2 protein chains.
Amino acid sequence: MDQKSQQRPLRADAERTVRAILEAAERVLSSNPAATVEQIAEAAGVARTTVHRRFTSREALVDALTAWATRQFHEAVTSAHPDTAPPLVALYQATANVLRVKIGWGFAMSRTTPEDPDVARAHADVLDQCDRLFQRALEAGVLRPDTDLAWARRVYYALIHEAAQNRSDEAGDVDERATLVVDTLLRGVGRQGSFLSS
Amino acid sequence: MDQKSQQRPLRADAERTVRAILEAAERVLSSNPAATVEQIAEAAGVARTTVHRRFTSREALVDALTAWATRQFHEAVTSAHPDTAPPLVALYQATANVLRVKIGWGFAMSRTTPEDPDVARAHADVLDQCDRLFQRALEAGVLRPDTDLAWARRVYYALIHEAAQNRSDEAGDVDERATLVVDTLLRGVGRQGSFLSS
DNA sequence: ACAACATGCAACATTTATGTTGCATGTTAC
DNA sequence: GTAACATGCAACATAAATGTTGCATGTTGT
């Protein structure tokens with residue numbers, strides 16, 4: 001599950017324990033980022049010493065969590081083919097994919113880039129793909145020509161973040177939310193005409 | 001400056017110290033929410049013991065900071081007359097006012113409502129004013145009739161948050177940003193027509 | 001079955017932040 | 001000027017989280 005922190009293959013039960021710890025860490029830390037290792041261990045149903053056996057430090061645990069989520073994040077964006085699919089299609093697909101990951105891994109994905117160069121690279125790569133996609137959307141006439149792309153990207157990130165908040169893992173829910181995000185990003189919530197800057 | 005935590009009036013120099021501590025706390029905590037009292041004291045140019053003399057605990061310091069920012073937040077919204085001014089005018093005015101406060105008090109305003117009932121009441125009051133304003137905007141035809149007001153409010157908050165991020169205290173900067181927020185909220189960044197849900 | 005691995009538990013060591021006190025040295029208000 | 005107030009400094013006390021170790025008891029793979 002993590003090539004860097006475990007050199008030797010783990011036994012099956014230990015592998016399950018690692019997963020349980022990471023999942024518990026996500027749950028506990030998302031509701032309280034300052035939670036102790038004790039609380040995480042309790043939520044995972046293991047002793048605190050077990051956590052310390054699997055992760056050399058609290059920081060290493062959080063880093064592993066971040067790395068795990070980052071890989072899924074990167075995959076979510078890349079699999080939307082943002083460089084080749086039609087901009088609107090890619091935008092929708094990427095949104096839905098990212099939402100699927102972000103609902104349930106909110107804490108891990110909210111971490112600001114840590115030291116790990118792999119994680120930093122993945123984040124930068126996602127950022128680049130996003131910028132290129134927005135550039136293509138602009139050229140395709142999906143975005144208004146006067147749009148500040150940096151601002152557009154930040155708005156997009158923020159909308160995804162908002163849409164990922166409410167907990168309810170219903171089936172088609174993600175598609176509904178993705179539609180809402182893309183729709184809001186492109187059209188806003190106002191009626192046509194009569195506005196400030198136009 | 002804070003009626004609750006200081007019963008007796010402070011001497012002039014002590015009052016200055018309190019301000020310096022609060023301002024330093026904002027600076028330090030906004031870049032590192034887990035910063036120690038030591039770091040805050042250092043940034044304020046005082047000894048750590050002085051901080052503990054003025055605030056009974058670290059929590060009390062953060063609470064005072066939150067209360068201070070909350071009062072400004074409430075004032076920023078109320079002074080925009082969201083219940084009486086034309087919706088678009090009030091929306092713009094409130095946005096600009098809140099941005100002015102939030103740039104420079106980002107940490108204090110990001111705190112989730114603490115125990116203090118006054119703070120909780122102020123936040124709830126602002127929320128109500130915002131909802132009523134959006135309701136009026138809907139009835140006035142500023143928002144699309146099918147708009148989910150809860151979603152609209154969350155988007156609005158998120159846009160303000162984003163617009164308040166970049167540090168640069170230029171003069172008319174705030175008006176520019178407020179325009180961007182309102183414009184994005186109402187129109188989004190897309191070109192007219194040809195979108196997913198319409 | 002058996003050897004290697006994994007966990008729980010208890011105990012310990014270490015570190016770090018928090019909060020307190022006494023005292024000497026300025027500052028302020030009147 | 002003087003008495004009350006404020007600060008810096010050093011020292012201390014406390015508490016809480018982190019990280020480690022040894023040992024007994026299970027569990028897994030072959």
Side-chain angles (χ1 to χ4, degrees), chain A residues 1-66 107 111 114-115, chain B residues 1-66 107 111 114-115:
Chain A
M1 150 172 252
D2 190 275
Q3 296 81 354
K4 293 233 163 51
S5 49
Q6 287 115 32
Q7 51 288 63
R8 295 284 170 197
L10 293 175
R11 228 171 60 180
D13 53 349
E15 192 113 13
R16 275 193 299 273
T17 299
V18 169
R19 283 198 87 95
I21 292 171
L22 287 178
E23 287 166 7
E26 164 60 34
R27 281 197 307 278
V28 172
L29 292 174
S30 69
S31 92
N32 173 22
T36 68
V37 176
E38 179 78 53
Q39 296 172 273
I40 295 170
E42 189 185 351
V46 300
R48 186 173 61 88
T49 46
T50 300
V51 176
H52 281 122
R53 276 201 203 89
R54 297 282 152 243
F55 303 94
T56 49
S57 69
R58 184 191 200 281
E59 198 187 355
L61 166 57
V62 173
D63 285 352
L65 190 59
T66 305
F107 170 80
R111 300 303 308 161
E115 306 308 302
Chain B
M1 145 174 259
D2 190 273
Q3 297 82 354
K4 291 235 162 52
S5 49
Q6 288 115 28
Q7 52 289 64
R8 296 283 169 198
L10 293 174
R11 229 171 61 181
D13 55 349
E15 192 112 14
R16 274 193 300 273
T17 300
V18 169
R19 283 200 87 96
I21 292 172
L22 286 177
E23 285 165 9
E26 165 58 36
R27 281 198 307 278
V28 173
L29 291 174
S30 70
S31 92
N32 173 21
T36 68
V37 176
E38 179 77 55
Q39 294 172 274
I40 295 170
E42 189 185 350
V46 300
R48 187 173 62 88
T49 46
T50 301
V51 176
H52 282 121
R53 278 201 199 86
R54 298 281 151 245
F55 301 94
T56 49
S57 71
R58 184 189 199 280
E59 197 187 353
L61 166 57
V62 174
D63 285 353
L65 189 60
T66 304
F107 170 81
R111 300 302 308 161
E115 305 308 301

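Note: hydrogens, waters and symmetry copies are ignored here, and every other heavy atom, side chains too, is used. What you see is a predicted model, and the numbers here were worked out from it, not measured in a lab. Within every chain, numbering begins at 1; the chains are lettered A, B, ... in the order of the sequence lines, protein sequences first and strands thereafter.
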Next item on the list: Take B/Arg54 and B/Leu10 through the side chain to side chain contact (heavy atoms under 4.5 Å, CB included) test and state the conclusion after the steps.
Entry: CA-CA 10 Å; B/Arg54 298 281 151 245; B/Leu10 293 174; 3.9 Å; yes
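Taking B/Arg11 as the reference, B/Asp13 meet the side-chain contact (heavy atoms from CB on, under 4.5 Å) condition, with sequence neighbours excluded. Here A/Thr36 pairs with A/Glu38, A/Gln39 under the side-chain contact (heavy atoms from CB on, under 4.5 Å) rule; sequence neighbours left out.
Atom CZ in B/Arg58 sits about 18 Å away from atom C1' in C/dT20, given to the nearest Å. Going from atom CD of B/Glu59 over to atom C1' of C/dT18 covers 12 Å, rounded to whole Å.
Nearer the 5' end of DNA chain C, as judged by each residue's closest nucleotide, is the contact made by B/Arg48, out of B/Arg48 and B/Arg11.
Which of C/dT21, C/dT27, C/dT18 sits closest to the side chain of B/Thr49 comes down to C/dT21. Nearest nucleotide to the side chain of A/Leu10, out of C/dA29, C/dA6, C/dC9: C/dA6. Out of D/dT18, D/dT21, D/dC9, the shortest distance to the side chain of B/Arg53 is found at D/dC9. Side chain of B/Ala14, nearest nucleotide from D/dA6, D/dG19, D/dG8: D/dA6.
Taking CG of A/Leu61 as the reference point, atom CG of A/Leu29 lies at 7.0 Å (rounded to 0.5 Å).
Contact check, A/Arg54 against D/dG19: no side-chain N or O comes under 4.0 Å of OP1 or OP2.
Within 4.0 Å of B/Thr17, counting heavy atoms only, lie sugar-phosphate atoms of the nucleic acid but no base atom.
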